[in-house]
Structure formats: structure tokens, C-alpha cells
Amino acid sequence: MNQDNNQCTERDGFYKLSWLQRIGFGSGDLAQNLIYQTICMYLLLFYTNVFGLSPASAALMFLVVRLVDVLWDPLVGTFVDKHQPKLGKYRSYLVLGGIPLSGFAILCFYDGFSGSLLYAYITYVGMSMCYTLVNVPYGALNASLTRDTNEITVLTSVRMFMANLGGLAVAYGVPKIVAALSPDGLTNTKSDATAWFVTMTCFALAGMILLVFCFTQTKERVVMDKKETANVKVSDLWKEFVRNRPLRVLAFFFITAFAMMAVGNSAGSYYMIYNVNGTSDQMANFMALGSIPAFIFMPMVPAIKRKIGKKQMFYVFLSIAIVGMAILYIVSMVPELKSKIWIVYVAQFIKSTGVIVATGYMWALVPEVISYGEYTTGRRISGIVNALTGIFYKAGMALGGVVPGLVLALVHFDKDNAVSQTPMAQQGILWLVCVIPALLLVLAMFIISRYELTDEKIDFINREIEKMKD
């Protein structure tokens with residue numbers, strides 16, 4: 001075996017990474033979550049209660065932005081596959097895209113143009129396009145580090161651990177910081193605007209620093225050379241989707257899983273404020289429990305997968321998530337239980353445990369479908385594949401953004417009331433937190449049952465790919 005800088009060993013593309021390299025790669029997802037999870041969890045609340053947009057206007061904007069992504073993502077994926085920047089084929093975009101991403105994220109929470117739908121469109125579209133410019137290459141970077149299936153599993157576990165560390169910082173930290181900085185101690189009134197802006201600035205700058213760290217700790221080893229990717233076209237995105245069945249299965253799982261997460265996350269703050277009558281501290285605790293299970297269970301994922309297999313792991317944890325949602329629904333419907341905040345916390349922990357493991361491990365399947373595509377076509381077009389998964393990921397996020405806004409509009413949510421809502425509005429919020437996500441999880445279980453790439457099959461494919469190169 002050859003040694004690479006005394007940190008990695010090489011055997012036909014099957015690299016082992018040091019812990020510093022694993023953490024360095026994972027810091028990229030930590031960075032993106034500090035920025036994007038703040039957008040996902042709190043931007044709708046900021047738009048309706050602080051910035052002054054109607055729920056229907058915000059819902060339409062979220063849909064339009066995602067339609068822009070459908071056009072933008074494949075262009076980014078194709079560009080990334082065709083070009084080889086001096087700073088790295090994929091990792092260079094962590095810096096080139098990370099700086100404007102941080103800037104636009106900060107501007108999304110600026111209230112200087114309060115109520116301006118045009119300003120909201122410009123800043124949100126800009127943020128989303130820059131996020132794609134970081135996220136698509138970052139996703140492709142995973143598959144360029146090694147072909148080793150077990151290493152990919154460990155790498156994904158570290159990545160998801162750190163991603164949820166970012167989610168925890170956002171879920172718990174944002175409402176705490178905003179409430180501490182705001183003059184009224186709340187998070188959902190117009191007087192809280194400056195507090196939101198300062199908070200987002202801190203999180204965005206921290207994210208940018210972490211993206212630079214990720215850039216310094218990653219090294220691309222499994223990539224196609226310029227000649228092999230010179231003829232990559234945008235149309236390859238559709239061709240790859242048609243001929244790569246495991247990719248199609250994973251893509252539909254992505255859209256379902258991210259729709260479920262986006263709906264639940266964006267409605268969580270409304271649930272705590274209006275259904276449970278929780279304080280800012282209780283909302284921070286509730287939102288934080290959306291990430292805490294990651295630190296307990298994500299390190300166990302490699303062992304759990306070896307014990308029961310990846311399909312069974314998906315079934316078990318998706319079912320656990322549904323149980324948690326059912327408890328949240330019951331608590332909100334029974335007055336005697338609503339005052340027992342610890343039951344709400346337990347239910348949120350159970351729900352989050354299932355969601356985190358299932359949606360966290362699905363990222364480990366992306367390198368598998370990339371290798372499958374290379375085995376069947378001879379081309380390792382990681383950017384195209386990640387653009388495709390990005391499109392479906394964004395499609396899920398679009399549903400997650402559109403559905404809450406539409407439901408809130410249908411149940412006549414009063415954005416000017418910071419304390420209470422009608423029973424009809426409370427029921428709509430409850431559907432967003434529990435019922436709709438649970439239905440999506442049932443659909444996700446059916447979709448993942450169609451995934452055909454076992455660990456044994458992927459190991460065989462990767463060995464055959466290396467033989468063909470000899």
C-alpha cells in the first residue's frame with residue numbers, strides 16, 4: 001500500500017481518511033447549516049411577523065425561488081463537472097460561493113426595506129443561487145475523497161453529526177439570541193428586526209469561516225480528468241436520470257424527505273408560540289431537540305447499518321419519527337397534556353431521532369448512485385448527479401416553503417397577533433407539524449423500498465470500475 005502524507009492509505013481508489021480530514025469535510029455541512037437552517041427554520045416567521053409579508057405572498061415567493069433553482073442547479077452541476085479551477089474541481093466553490101452566500105443570507109434578515117416584496121425576492125433568490133454554488137460541489141466532493149464504502153459511511157456519519165451541530169446551534173441559539181437582543185424579549189414582532197439582523201450576521205460569518213476550514217482540509221482524489229468531462233452537457237442530467245434507476249429512487253426519496261423536514265421545521269416555531277403557548281426559552285429547547293438526537297445516534301449509524309442493513313434502518317427510524325409526530329398531535333389536542341411541556345419535549349426528541357438518522361444516512365447513498373452511473377456509462381459525472389439530487393432536494397424544500405404559507409393563509413393566520421390564534425389556525429399549524437409530515441414519511445418508506453444497491457453490490461461495482469482502469 002502507498003501512503004499519502006502519512007494520513008491516507010490508497011488501494012485502487014479506496015482511501016482511508018484521517019479524523020482531521022473527516023472533521024474538515026464535515027465542517028462544510030456545519031457551515032451550510034448555520035446559514036441555511038436559519039433560513040429554513042425562521043425566515044417564514046421573520047417574513048410574516050417582522051418584515052410584514054402576508055403568508056400567501058411568502059408562499060408564492062418560496063415557490064418561485066425553487067423554480068429558479070430548477071433551472072440554476074443543472075447549470076451549476078454541468079459547469080462544475082466541465083471545469084477544473086486551480087483551487088480544486090469541487091472544493092474551490094466553498095470559498096468562491098461561500099462569501100456571497102454569507103452576504104445574501106445576512107441581507108435576507110435586513111428590515112431596511114420592510115414590507116418590500118421586491119427586496120425579499122432579490123435577496124432570497126441571490127441567497128438560494130449562492131447556496132447551490134456551494135452545495136452542489138460540496139455534495140460532489142464527498143464522492144471525490146474515496147471509493148471505500150465503509151469510509152463513506154464513517155464520513156457521512158461525521159458530516160451529519162456536524163450538520164446537526166449546526167442545526168442545534170441554529171435551533172437553540174437563534175431564538176435565544178434574538179430574544180436577548182430584542183427590546184421586548186420576543187422573536188415575532190416588528191420591533192425585533194435589528195435583533196434578527198445581528199443574529200444572522202453572526203451565524204453567516206461563522207459559516208463562512210468554517211467553509212474556508214473545509215477547503216483547507218479536503219483533497220480530491222477520485223475525479224475524472226478534463227478529457228473525460230469535456231463533453232458533459234446539461235442534457236446529461238436528464239439522460240442520467242432516465243438510465244440510472246437507483247438515482248431516480250434516491251431523487252424521489254430526497255424530495256419526500258426534505259418536504260417533510262421543511263414543513264415541520266418551518267412550522268415548529270408557530271407550534272410552540274401558538275399551540276403550546278411556549279416562551280422563547282421553551283421554543284429554543286423544542287427546536288434544539290430537533291438536532292440533539294444526532295449526537296447520540298449518528299455515531300451509531302455504521303454499527304446499526306451493519307447489524308440490520310440499510311433498508312431496515314430506514315424503515316425502523318422513519319417509523320420512530322411517525323410515533324413522535326403522533327404524540328405531538330395528541331398533546332396539542334388534550335388540554336391536560338398541553339401544560340406538561342416535558343411531554344412535548346419527549347415527543348420532539350422521539351420524532352427527531354427518527355428523522356435525523358433516516359435523512360442523515362441518505363447522503364451516503366449519493367456516492368453509490370454516482371459509482372453506479374460510472375459503472376454503466378464510464379463517466380463519473382458527480383456534479384451532474386449532485387445537481388439532480390439538488391433539484392429534488394430543492395423541490396422538497398419548495399413544498400416545505402409553499403405548503404406552510406398556503407395552509408396558514410387558508411386557516412386565516414393573523415400575522416399581527418403575537419400571542420394567540422383562532423382554533424382553526426391552531427389546527428392548521430398542527431397539521432403542518434404532525435399530520436402532513438407523517439403522511440410524507442409513509443410515502444418515503446415506500447420509495448426507499450425500491451432502492452436496489454446493497455453494500456455488496458456497490459463494493460463489487462467499485463472494484464470493477466478500478467479493474468477497467470488498469
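Predicted, not measured: the structure shown is a model, and the values here were computed from it.
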*In sequence, state the C-alpha distance, the side-chain angles, and the governing distance for Thr123 and Tyr110, and then conclude on side chain to side chain contact (heavy atoms under 4.5 Å, CB included).*
CA-CA 10 Å; Thr123 53; Tyr110 177 60; over 6 Å; no
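- The two atoms that bring Met325 and Val433 nearest to each other are CG-O, 4.3 Å, heavy atoms only.
- In this structure, the ring of Phe253 has its center less than 6.0 angstrom from the ring center of Phe314.
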_Working for side chain to side chain contact (heavy atoms under 4.5 Å, CB included), residues Leu439 and Leu443_ = CA-CA 7 Å; Leu439 294 174; Leu443 177 60; over 6 Å; no
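- Put simply, the residue from Tyr271, Tyr270, Tyr172 that forms a ring pair (Phe, Tyr, Trp, His ring centres under 6.0 Å) with Phe286 is Tyr271.
- Within a 6.0 Å sphere centred on CZ of Phe446, heavy atoms belonging to other residues, nucleotides or ligands number 12 at most.
- Contact check for Gln37 versus Phe203: no side-chain heavy atoms found under the 4.5 Å cut-off.
- The closest donor-acceptor contact from the side chain of Asn135 to the backbone of Tyr131 lies at 3.5 Å or more, if one exists at all.
- Within the 3.5 Å criterion, the main-chain N or O of Tyr451 finds a donor-acceptor partner in the side chain of Lys311.
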*Going through the distances and angles, do Val174 and Met287 end up as a side chain to side chain contact (heavy atoms under 4.5 Å, CB included)?*
CA-CA 10 Å; Val174 167; Met287 300 297 278; over 6 Å; no
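- Within the 3.5 Å criterion, the main-chain N or O of Tyr124 finds no donor-acceptor partner in the side chain of Ser128.
- The main-chain N or O of Val80 is found under 3.5 Å from a side-chain atom of Lys89 such that the two form a donor-acceptor pair.
- Of the possible polar contacts, one joining the Ser102 side chain to the Ala204 backbone as a donor-acceptor pair under 3.5 Å is found.
- Atom CD1 of Ile343 sits about 11.0 Å away from atom CG of Leu328, to the nearest 0.5 Å.
- Under the 4.5 Å side-chain criterion, counting only non-hydrogen atoms from C-beta, Phe109 is not in contact with Val50.
- There is no side-chain donor-acceptor pair under 3.5 Å between Asn285 and Asp281.
- To the nearest 0.5 angstrom, Arg243 atom CZ is 6.5 Å from Thr376 atom OG1.
- Using cut-offs of 30° and 60° on the angle between ring planes, the pair Phe460 and Tyr375 is perpendicular.
- Two residues are said to be in side-chain contact when any heavy atoms from C-beta on lie closer than 4.5 Å; Gln282 and Val344 fail this criterion.
- Looking at Lys310 and Leu365, their side chains come closer than 4.5 Å, going by heavy atoms from C-beta outward.
- In this structure, CD1 on Ile292 lies 10.0 Å from OG1 on Thr353, to the nearest 0.5 angstrom.
- Formation of a donor-acceptor pair under 3.5 Å by the Ser291 side chain with backbone atoms of Leu168 is found in this model.
- Heavy-atom minimum distance, Phe252 versus Ile447: O-CD1, 3.6 Å.
- For Cys130 against Phe104, the heavy-atom pair with the smallest separation is SG-CD1, 3.8 Å.
- Scanning all heavy atoms of the two residues, the minimum distance from Pro175 to Met283 falls at CB-CE, 3.6 Å.
- Distance CG/Leu45 to OG1/Thr187: 5.5 Å, rounded to 0.5 Å.
- Proximity of a side-chain donor or acceptor of Arg245 to a complementary backbone N or O of Arg450 within less than 3.5 Å is detected.
- Proximity of a side-chain donor or acceptor of Ser371 to a complementary backbone N or O of Glu368 within less than 3.5 Å is not detected.
- When all heavy atoms are compared, the tightest approach of Ala105 to Ile35 is CB-CG2, 3.5 Å.
- A 4.5 Å side-chain heavy-atom check between Met127 and Ile39 finds at least one atom pair inside the cut-off.
- The shortest side-chain heavy-atom distance between Met162 and Phe25 does not fall under the 4.5 Å cut-off.
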*Step by step, work out the side chain to side chain contact (heavy atoms under 4.5 Å, CB included) result for Val136 and Phe79.*
CA-CA 11 Å; Val136 168; Phe79 183 87; over 6 Å; no
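- When all heavy atoms of Met160 and Asp29 are compared, the closest pair comes out as CE-OD2, 3.3 Å.
- Counting heavy atoms from C-beta outward, Cys108 and Phe46 have side chains that stay 4.5 Å or more apart.
- Tyr42 and Trp196 have their aromatic ring centers within a separation under 6.0 angstrom.
- Listed for the Arg91 side chain is a donor-acceptor partner under 3.5 Å among the backbone atoms of Phe215.
- Atom CG of Leu30 and atom SG of Cys214 lie 10.0 Å apart (nearest 0.5 Å).
- Side-chain N/O atoms of Asn244 and Tyr372 include no donor and acceptor closer than 3.5 Å.
- For the atom pair CZ of Arg159 and CG of Asn164, the computed distance is 11.5 Å after rounding to the nearest 0.5 Å.
- Between Leu101 and Leu133, the closest side-chain pair of non-hydrogen atoms is not below 4.5 Å.
- With Ser352 contributing its side chain and Phe349 its backbone, the two residues share no donor-acceptor pair below 3.5 Å.
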